[in-house]
Amino acid sequence: MAQTQPFGFSCVGGLNINRSSFALQQEAGTATTLINFEVDSDGGYRRINGFTPLAVSGDLYGRVKTTVASDGGSEDTTFEDKILGILGYSSGGIVCSGHDVFYTPDGVSYVRLNRSGATGGLAHSSFISQSVVDRTNQNQTDFTIFESTAQNDEVIICDGANKPLRIKITHTTDTTLGNSTFTVNEIAVDTDKTPAFGIMHEKRFVVSGVPNLENTIYYSDTLDPNTFSGGGSLSLEDKVVGLKSFRGNIIVFCKTSIFKLINIGDGSNQALVPITTNIGCVSRESIQEVGGDLIFLASDGLRTIAGTERLDDTELGTVSRPIQQLIVKEIVSKVNELIISSVVIRQSNQYRLFYCPSTASGATNTEALKTEDLKEGKGIIGTLTSNGFSWSEIHGMQATAIEAIVSTNGLETIYHGDRFGTINVHNTKNHFAYRAVANDIDAIYETPFLDLGDMGTQKTFTYVNVALEPEGPVSPKLLLTYGEEKFSALQPSEVTLPEVSVGSQFGEAKFSTGSSGAFRFGALDSPLIRQAVQGSGNTVRFRIRSTDQKDPYTVQGLYVNYYPSGRR
């Protein structure tokens with residue numbers, strides 16, 4: 001009888017749908033499907049956490065809710081408008097939704113900031129008596145921080161439809177609304193301009209994206225973002241899509257080109273230096289700084305702008321080649337029909353980009369229909385590893401705005417908002433909470449078809465070892481598919497792997513009682529689960545799947561045993 005043969009591989013490389021199936025034979029650890037998993041920078045594919053509503057304000061769905069005490073008026077109000085922006089500020093957060101801008105110090109009490117008559121600073125009791133001024137047709141918002149020597153920095157909000165809104169909030173004995181002072185005013189950019197985005201650079205407020213003047217950049221006086229009379233402007237031939245202060249210069253992202261603006265406001269020394277005239281940015285909301293480089297969405301995928309070792313030099317690179325088909329087909333080709341948001345999760349070395357239709361695809365007048373709309377949200381995750389970015393997908397998560405907020409003690413919490421006014425705590429819990437109802441997380445990892453080094457040999461499989469690192473009791477499912485999928489009658493059925501739990505260690509973890517305990521004495525940190533299998537073929541594909549609300553787990557690799565059973 002033929003001797004058994006082993007074959008093993010580690011889960012590395014992430015999602016790759018761009019290379020041919022033949023080329024992927026040499027990259028067993030890559031994935032052709034990787035949904036609701038994230039690539040661990042230390043190795044393996046981890047099923048992601050979910051999200052849950054920020055329901056500390058008394059609203060089950062995590063929507064903004066004002067009271068007479070917090071916001072004035074004659075009655076408490078719950079707001080259900082689309083979340084357009086989230087920013088951590090002044091020990092709390094700022095939320096832009098519908099035609100309003102809100103501040104909350106604690107996620108419980110909310111006050112509208114878009115009011116008149118507060119240019120000199122007003123105590124809360126006086127501030128809420130001022131008239132609310134709607135931010136009409138407010139779009140996705142852009143936040144700029146103006147660093148101040150006072151207690152708190154200032155925030156400036158641009159949205160492309162209204163004048164920039166300048167906000168400053170200070171506190172006395174604590175951060176409650178009753179001990180807060182509010183300073184709010186609109187900024188006159190060239191009298192009446194309504195820029196869509198801005199940055200602070202060399203002590204100036206620099207803005208662009210003014211409707212019908214999208215190729216013009218305006219900049220304020222030095223140290224005074226409120227005044228543009230001593231500033232200036234410059235025009236380009238291309239539409240400006242975004243601005244980013246990067247290594248002492250301003251990177252100007254245009255529709256079909258990218259420039260470096262140097263020496264802004266310095267007379268004859270001010271200059272626009274081309275970085276490229278062949279590649280542009282298709283979405284301002286995609287621009288982030290990660291790993292010391294700028295990442296942005298171009299017409300051919302995600303690219304980076306990197307500073308090189310040479311002084312004042314930059315380099316342009318592409319980082320999403322393995323998923324280029326996905327990005328071009330699902331995002332770039334539909335970019336004008338989508339809401340795009342992005343965030344950098346520093347604790348995981350990750351870049352996450354989300355996209356969903358700009359309008360609901362159907363009726364949303366019931367909770368069930370709203371849930372169906374929320375499930376259409378998708379995203380991509382890029383984990384920065386020692387070999388560059390590795391990618392995976394998110395399905396079933398709608399994020400019209402997202403922000404990572406770092407607390408004073410250094411803890412990072414991510415929040416995202418959706419079309420129906422819900423603010424969610426992102427990357428937490430073990431479920432997707434649609435409309436405050438916990439739903440299963442559907443996660444799939446699928447390998448390419450693998451010939452195990454010899455396409456011509458028929459192989460009969462006996463068992464598979466799956467290396468899992470659980471974070472609680474988990475029991476994912478395993479499916480082997482041989483050769484061509486069309487021979488479905490000859491394919492084995494999916495099997496549920498034996499449940500595994502986290503190993504307990506003296507002095508480091510609690511012990512659990514009962515068979516369903518989260519920690520088990522004697523359990524390994526990364527157990528190797530042996531599963532008997534049957535079937536044969538020249539090639540085989542492995543799929544690991546889970547649809548549940550159990551703890552995350554990391555698939556570290558697979559090891560298989562088979563008999564060679566003939567050649568062709």
Side-chain angles (χ1 to χ4, degrees), residues 6-48 300-302 304 317-331 348-353 378-395 442-455 459 461 464-469 476-485 526 528 537-546 552-560 562:
F7 183 83
F9 60 88
S10 300
C11 294
V12 294
L15 180 63
N16 194 323
I17 57 175
N18 223 50
R19 301 193 69 184
S20 69
S21 58
F22 187 81
L24 289 174
Q25 294 276 1
Q26 310 303 317
E27 301 178 25
T30 60
T32 54
T33 302
L34 198 58
I35 297 173
N36 292 334
F37 278 92
E38 59 188 351
V39 178
D40 191 315
S41 58
D42 293 325
Y45 301 147
R46 179 184 181 272
R47 200 220 67 195
I48 64 171
D300 60 350
L302 286 160
T304 58
T318 180
V319 295
S320 62
R321 182 69 181 172
I323 58 169
Q324 184 176 8
Q325 294 180 28
L326 167 68
I327 292 177
V328 172
K329 180 181 177 181
E330 297 295 326
I331 306 177
S348 304
N349 291 323
Q350 281 183 3
Y351 170 81
R352 294 190 177 191
L353 182 144
K378 295 181 180 181
I380 54 176
I381 303 175
T383 301
L384 189 57
T385 71
S386 58
N387 294 316
F389 280 97
S390 293
W391 299 95
S392 60
E393 289 189 80
I394 294 177
H395 284 190
D442 296 324
I444 302 174
Y445 158 47
E446 199 166 63
T447 73
F449 275 100
L450 304 174
D451 63 11
L452 313 191
D454 187 353
M455 176 72 78
K459 308 164 187 73
F461 290 81
V464 176
N465 283 326
V466 181
L468 280 184
E469 184 178 329
K477 300 178 187 297
L478 171 69
L479 175 67
L480 274 66
T481 303
Y482 299 106
E484 299 293 331
E485 285 186 278
S526 300
L528 200 63
N538 289 75
T539 60
V540 63
R541 181 176 67 192
F542 302 92
R543 186 184 78 183
I544 294 176
R545 179 180 70 88
S546 59
Y553 56 91
T554 301
V555 185
Q556 299 285 4
L558 285 85
Y559 176 88
V560 300
Y562 67 92

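Note that the numbering runs from 1 along the sequence shown for the chain. Just so we're clear, the structure is a prediction, and the values are computed from it rather than from any experiment.
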Spell out, as yes or no, whether a donor-acceptor pair under 3.5 Å connects the side chain of [X] to the backbone of [Y].
X: Asn465; Y: Ala467; answer: no
X: Thr385; Y: Asn387; answer: yes
X: Lys459; Y: Gly537; answer: no
X: Asn538; Y: Gly483; answer: no
X: Glu469; Y: Gln556; answer: no
X: Gln25; Y: Asp451; answer: yes
X: Ser20; Y: Ala23; answer: yes
X: Thr32; Y: Thr447; answer: yes
X: Ser392; Y: Phe37; answer: yes
X: Thr383; Y: Val39; answer: yes

Considering all heavy atoms, the nearest Ile17-Gln325 contact: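 So the two residues come closest at O-NE2, 3.3 Å.
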Ala28 versus Tyr445, closest heavy-atom pair with distance: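 Taking every non-hydrogen atom into account, O-OH, 4.4 Å.
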Could you tell me the separation between the [atom1] atom of [X] and the [atom2] atom of [Y], rounded to the nearest 0.5 Å?
X: Leu479; Y: Arg545; atom1: CG; atom2: CZ; answer: 8.5 Å
X: Ser320; Y: Leu326; atom1: OG; atom2: CG; answer: 9.5 Å
X: Ile381; Y: Leu34; atom1: CD1; atom2: CG; answer: 8.5 Å
X: Lys477; Y: Ile444; atom1: NZ; atom2: CD1; answer: 12.5 Å
X: Ile48; Y: Ser348; atom1: CD1; atom2: OG; answer: 11.5 Å
X: Leu478; Y: Leu558; atom1: CG; atom2: CG; answer: 7.0 Å

Residues in side-chain hydrogen bond (donor to acceptor under 3.5 Å, both in side chains) contact with Gln324, at least two apart in sequence or another chain: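 side-chain hydrogen bond (donor to acceptor under 3.5 Å, both in side chains) check on Gln324 returns Arg321.
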Partners meeting ring-ring contact (aromatic ring centres under 6.0 Å, His included) with Phe461 (sequence neighbours left out):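 Listed in chain order: Tyr482, Tyr562.
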Contact between [X] and [Y] at the side-chain level, heavy atoms closer than 4.5 Å - yes or no?
X: Tyr45; Y: Ile544; value: no
X: Asp442; Y: Ile35; value: no
X: Tyr553; Y: Pro476; value: yes

Full working for side-chain contact (heavy atoms from CB on, under 4.5 Å) between Leu15 and Ile380: CA-CA 10 Å; Leu15 180 63; Ile380 54 176; over 6 Å; no
Full working for side-chain contact (heavy atoms from CB on, under 4.5 Å) between Ile331 and Leu353: CA-CA 10 Å; Ile331 306 177; Leu353 182 144; 3.9 Å; yes
Aromatic ring pairing Trp391/Phe389, orientation class (parallel under 30°, perpendicular over 60°, tilted between):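 Parallel, since the angle between the ring planes stays under 30°.
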Leu468 and Val555: CA distance, side-chain angles, deciding distance, side-chain contact (heavy atoms from CB on, under 4.5 Å) verdict: CA-CA 5 Å; Leu468 280 184; Val555 185; 3.7 Å; yes
Carboxylate-amine/guanidinium contact Glu393 Lys378, below 4.0 Å: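 Salt bridge: no.
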side-chain contact (heavy atoms from CB on, under 4.5 Å) evaluation trace for Ile394 with Asn36: CA-CA 5 Å; Ile394 294 177; Asn36 292 334; 3.7 Å; yes
